Participant: 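Questions regarding the structure given below will be posed in turn.
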Amino acid sequence: MDVYKIKGGNRLKGTIKVSGAKNSAVALIPATLLADSPVTIEGLPEIADVYILKEILEEVGAKVTFENGTMTVDPTHVEDMALPNGNIKKLRASYYLMGAMLGKFGHAAIGLPGGCHLGPRPIDQHIKGFEALGAKVSNEHGAIYLRAEQLEGTKVYLDVVSVGATINIMLAAVRAKGRTIIENAAKEPEIIDVATLLSNMGANIKGAGTNIIRIEGVDALHGTNHTIIPDRIEAGTFMIMAALIGDGVQIDNVIPLHLEALIAKLQEMGVVIEEREDSLFIPRVEHLKSVDVKTLVYPGFATDLQQPFTVLMTQADGTSVITDTIYSARFKQIDELRRMNGDGRVEGSTAIIKGPTPLEAASVRASDLRAGAALVLAGLIADGETEIHDIYHIERGYGKLIKKLTALGADIRRVTLEPVEISNADNAL
Ligand code: EPU
């Protein structure tokens, strides 16, 4: 069993580079299946979700190479295989195989997805879109079966603004007959990134990044080259880290426009942020003011930054309040922060945090990806050596984290713990 051990207190200084966006990568990779010749994507993050998707694509017959962040997928011999179990259950974003396989073959069978447990995460809006396009959908023993004679363009109104549903409907609709209009679509940068790849493959998509997306179906899609956008959530995590314990940190490969809500809140807390062309510089912060935050769909404050942000709130002067309107139960980090002497409590979908409280090292558990990121930040400022368990959650979304943080001066190691034997009588309970 591997854990992270972090000795807190080192001031971080220097330059850190953001990787390609995880939430784009997990959609771009399945999208490559729609082409009839090789697609190359550059700048992919080296994270567990990407490696699992590579294996899934190989299972269905694609030839895939992945080196130094560049993946080439040759989908020429992909088969319409059912994927009810196995790797498909290891990540939530495997639901993009539904849209991609449905768009390519007119049918698909995909196991219901796994991923982080953040409370209820239904996929009813994805299903609504597939049905509107003419697919018959059934849930058979935990796998979703989609079958269509011919996908037909249609109008879909999303009852909930959903990143996943918007992308999944796009993936299926690019090969449907006629025009599809997605109303109340999500506007996240990752949606624009997927639409850009699909357009370069020959799809006809207009309006990605607005709440109405129009797609004219085409008969075939071809190979192309694409460079992924930077990960705004990884960038945001590093910005929070720089505000917590930086001594002058430059964050490279950032699109500041994607981070406007976080930048505004950090500035409200007293953090100085110097925006450069595709990088940000955050000087050492001496004093943080408390602040209130509500997560919202893009361009609002991202739910994925809520958990790391609560660590910053423990160091702010006064009471801060943060409400998550996207995932009401995404607060499992608060209990772990309390173990580290943080003063926080959860009421419904809101966390109330008093500061500043010096954090103390403890043995803590990452319950999900962004809770894990929050605990890394907490460990970096805590007094003593923090041990973080269940780090596989963190490694689903943050590539080369130890290397990146060590280069800034952090004392963080990945350590294999030996199993403890409780066999002798002295230890018996
Ligand atoms: N929702 C429904 N029905 C649906 C789909 C969503 O009710 O059919 C609800 C969800 O329960 C949630 C809200 O709508 O309350 C938004 O969900 P959305 O579909 O937008 O989320 P997602 O596509 O499942 C992506 C990211 C998440 C990120 C959310 C919100 C990927 C692979 N995941 O999830 O990322 O939190 O959008 O921005 O893109 C993470 O990176 O840590 C992460 C969890």
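FYI, the numbering just counts along the sequence from 1. Just follow the structure's listing: the first ligand is 1, and inside any ligand the first atom is 1. On a predicted model such as this, the values are computed, not experimentally measured, just so you know.
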Participant: Could you check whether any side-chain N or O of Asn253 sits under 3.5 Å from a backbone N or O of Lys17, counting only pairs where one atom can act as donor and the other as acceptor?
Facilitator: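 Not at all, since once roles are kept as given, no pair shorter than 3.5 Å links the two residues.
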
Participant: Between Asp304, Leu91, Val160, Val297, which one has a non-hydrogen atom sitting closest to atom 40 (C) of ligand 1?
Facilitator: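 Minimum heavy-atom distance to atom 40 (C) of ligand 1 goes to Asp304.
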
Participant: Could you pull out, from Tyr96, Tyr327, Tyr95, the option with a heavy atom nearest to atom 10 (C) of ligand 1?
Facilitator: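 Selected option, by shortest heavy-atom distance: Tyr327.
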
Participant: Under 3.5 Å, is there a donor on one side chain and an acceptor on the other for Ser320 and Ser290?
Facilitator: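 Note: Ser320 and Ser290 side chains miss the donor-acceptor criterion.
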
Participant: Please classify the Lys128 to ligand 1 contact at 4.0 Å (heavy-atom distances, strictly less than): side chain, backbone, both or neither.
Facilitator: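 No part of Lys128 is near ligand 1 at this cut-off.
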
Participant: Do Arg276 and Asp252 sit within salt-bridge range, that is, some charged N less than 4.0 Å from a carboxylate O?
Facilitator: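 Looking at Arg276 and Asp252, the cut-off is not met.
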
Participant: To the nearest 0.5 angstrom, please state how far the NZ atom of Lys404 sits from the CZ atom of Phe238.
Facilitator: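 If we round to the nearest 0.5 Å, Lys404:NZ and Phe238:CZ are 4.5 Å apart.
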
Participant: Less than 4.0 Å between a side-chain N and a carboxylate O, is that true for Lys206 and Glu216?
Facilitator: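 Result for this pair is no, no salt bridge flagged.
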
Participant: Show me, pair by pair, the donor-acceptor contacts under 3.5 angstrom made by side chains of residues 49-64, not counting sequence neighbours?
Facilitator:
{"residue": "Asp49", "atom": "OD1", "partner": "Arg396", "partner atom": "NE", "Å": "3.0"}
{"residue": "Asp49", "atom": "OD2", "partner": "Arg396", "partner atom": "NH2", "Å": "3.2"}
{"residue": "Lys54", "atom": "NZ", "partner": "Glu58", "partner atom": "OE2", "Å": "3.0"}
{"residue": "Glu55", "atom": "OE1", "partner": "Asn87", "partner atom": "ND2", "Å": "3.0"}
{"residue": "Glu59", "atom": "OE2", "partner": "Asn87", "partner atom": "ND2", "Å": "2.9"}

Participant: Between Asn23 and Glu188, do the side chains contain an N or O donor and an N or O acceptor separated by less than 3.5 Å?
Facilitator: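 On atom types as modelled, these side chains do not qualify, holding no pair under 3.5 Å.
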
Participant: Mark yes or no for whether Glu336, through its side chain, and Arg365, through its backbone, hold a donor-acceptor pair below 3.5 Å.
Facilitator: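 The answer is yes, because a donor-acceptor pair under 3.5 Å joins these two groups.
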
Participant: Please could you name the atoms of ligand 1 that Ile123 approaches to less than 4.0 Å, counting only its heavy atoms?
Facilitator: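 Near Ile123, meaning under 4.0 Å from one of its heavy atoms, ligand 1 has 4 (C), 8 (O).
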
Participant: Just let me know how Lys22 lines up against ligand 1, side chain, backbone, both or neither, with a heavy-atom cut-off below 4.0 Å.
Facilitator: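 Side chain only.
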
Participant: State the atoms of ligand 1, each with its element, that fall below the 4.0 Å cut-off from a heavy-atom position in Val163.
Facilitator: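 Those atoms are 18 (P), 19 (O), 20 (O), 23 (O), 37 (O).
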
Participant: List ligand 1 atoms under 4.0 Å from Val26, heavy atoms only on the residue side.
Facilitator: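 Numbered from 1, ligand 1 contributes 32 (C).
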
Participant: Counting each atom of ligand 1 from 1 as listed, which ones have a heavy atom of Gly164 under 4.0 Å away?
Facilitator: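 In order of number, 19 (O), 23 (O).
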
Participant: Return the option from Asp368, Ile326, Thr295 holding the heavy atom at the smallest distance from atom 13 (C) of ligand 1.
Facilitator: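 Looking at heavy atoms only, Ile326 sits closest to atom 13 (C) of ligand 1.
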
Participant: Which of the numbered atoms in ligand 1 are below 4.0 angstrom from a heavy atom of Gln125?
Facilitator: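 Those atoms are 3 (N), 4 (C), 8 (O).
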
Participant: Select the closest option to atom 38 (O) of ligand 1 among Thr303, Asp124, Leu369, judged by heavy-atom distance.
Facilitator: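 Of the listed residues, Thr303 has the closest heavy atom.
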
Participant: Return a yes/no value for Ala165: is any of its N or O atoms, backbone included, closer than 3.5 angstrom to an N or O of ligand 1?
Facilitator: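 So ligand 1 has no N or O lying under 3.5 Å from an N or O of Ala165.
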
Participant: Which atoms of ligand 1 have any heavy atom of His126 under 4.0 Å away?
Facilitator: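 Within the 4.0 Å cut-off of His126, ligand 1 contributes 8 (O).
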
Participant: Taking the side chain from Glu234 and the backbone from Ser19, do they hold a donor-acceptor pair closer than 3.5 Å?
Facilitator: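 Checking the backbone N and O of Ser19 against the side chain of Glu234, a donor-acceptor pair under 3.5 Å is found.
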
Participant: Taking all non-hydrogen atoms of both residues, which atom of Ala373 and which atom of Tyr398 are closest, and how far apart?
Facilitator: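 Residues Ala373 and Tyr398, closest heavy atoms: CB-OH, 3.4 Å.
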
Participant: Against ligand 1, does Gly397 come closer than 4.0 Å with any heavy atom?
Facilitator: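 No heavy atom of Gly397 comes that close to ligand 1.
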
Participant: One residue to check: Arg330. Relative to ligand 1, which of side chain, backbone, both or neither has a non-hydrogen atom less than 4.0 Å away?
Facilitator: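 Side chain only; the backbone of Arg330 stays clear of ligand 1.
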
Participant: Should the proximity of Arg370 to ligand 1, defined as any heavy atom under 4.0 Å, be assigned to the side chain, the backbone, both, or neither?
Facilitator: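 For Arg370, only side-chain atoms sit under 4.0 Å from ligand 1.
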
Participant: Applying the side chain to side chain contact (heavy atoms under 4.5 Å, CB included) test to Ile322, which of Gln306, Gln307, Lys265 qualifies?
Facilitator: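 It is Gln306; the other options fail the test.
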
Participant: Just distances here: any N/O of Asn23 and N/O of ligand 1 closer than 3.5 Å?
Facilitator: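 The answer is yes, given that Asn23 and ligand 1 share an N or O pair closer than 3.5 Å.
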
